[in-house]
Amino acid sequence: MSKKDFIDCVDKESERLKSREGKKGLWHFVVTACSIGWLVVLPALGGAYIGRHIDRWLGTNGYWTMSLMMSGLGVGIYWIWKQNLHKGGD
């Protein structure tokens, strides 16, 4: 392959990538949905797990489980909201 052929090949690939620049594919949306899901689910499950142990220790009937699960859900939603503000609303 000559230098000119190599440069032509690089230019074609560069143009192909530039044409796809603004388009987002299916996998982008799948990954975004999964990451948002995990950012909400993990704090909520963590709160429920910790709350369940506190309920067993104190002998309460689900008070701390529900309270900490809702707090974890709120933390997850706040986390997503804060991340979205820093990205400029992507």
Side-chain angles (χ1 to χ4, degrees):
M1 178 181 274
S2 70
K3 185 176 181 179
K4 184 181 181 321
D5 291 338
F6 177 73
I7 291 172
D8 289 341
C9 184
V10 169
D11 287 339
K12 284 180 188 177
E13 187 64 22
S14 174
E15 289 299 320
R16 185 182 73 82
L17 290 174
K18 284 180 186 176
S19 69
R20 292 181 47 184
E21 197 169 280
K23 299 175 186 173
K24 295 180 180 177
L26 174 67
W27 286 111
H28 169 77
F29 295 109
V30 169
V31 168
T32 301
C34 288
S35 64
I36 288 173
W38 281 114
L39 287 175
V40 172
V41 168
L42 287 179
L45 286 178
Y49 180 76
I50 292 169
R52 182 68 182 137
H53 286 289
I54 293 173
D55 280 333
R56 284 184 187 166
W57 181 54
L58 294 177
T60 54
N61 198 15
Y63 174 77
W64 287 105
T65 302
M66 289 303 292
S67 297
L68 291 179
M69 185 175 71
M70 289 299 142
S71 297
L73 185 65
V75 166
I77 291 170
Y78 177 76
W79 192 3
I80 291 170
W81 176 67
K82 201 69 168 161
Q83 290 295 323
N84 199 23
L85 288 178
H86 290 288
K87 289 183 180 180
D90 262 349

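These numbers were taken from a predicted model, which means no experiment stands behind them. Starting from 1, each residue takes its place in the sequence as its number.
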*Hydrophobic cluster identity match, Leu58 and Met66, side-chain contacts under 4.5 Å*: no
*asked:* Grouping I, L, V, M, F, W and Y whenever their side-chain heavy atoms are under 4.5 Å apart, do Trp79 and Leu73 come out in a common cluster?
replied: yes
*Where is the tightest heavy-atom contact between Trp64 and Asp55, given as atom of each residue plus distance?*
N-OD1, 3.1 Å
_Checking Tyr78 now: which residues fulfil ring pair (Phe, Tyr, Trp, His ring centres under 6.0 Å) with it, not counting sequence neighbours?_
Trp81
_Whether Ser71 side chain and Ser67 backbone form a donor-acceptor pair below 3.5 Å_ = yes
Contacts table for residues 36-53: side-chain donor-acceptor under 3.5 angstrom, sequence neighbours left out:
unit_1	atom_1	unit_2	atom_2	d
Tyr49	OH	His53	NE2	3.4

*Hey, what do you get for NZ (Lys82) to CD1 (Ile80), rounding to the nearest 0.5 Å?*
14.5 Å
*Could you tell me the separation between the CG atom of Asp11 and the CZ atom of Phe6, rounded to the nearest 0.5 Å?*
10.0 Å
*For the pair Glu13 and Arg16, find out whether any cationic side-chain nitrogen is under 4.0 Å from an anionic carboxylate oxygen.*
yes
*asked:* Is it the case that over 12 heavy atoms from other parts of the model lie below 6.0 angstrom from the CZ atom of Phe29?
replied: yes
*Could you list the residues that satisfy side chain to side chain contact (heavy atoms under 4.5 Å, CB included) with Ser2, not counting sequence neighbours?*
Lys4, Asp5
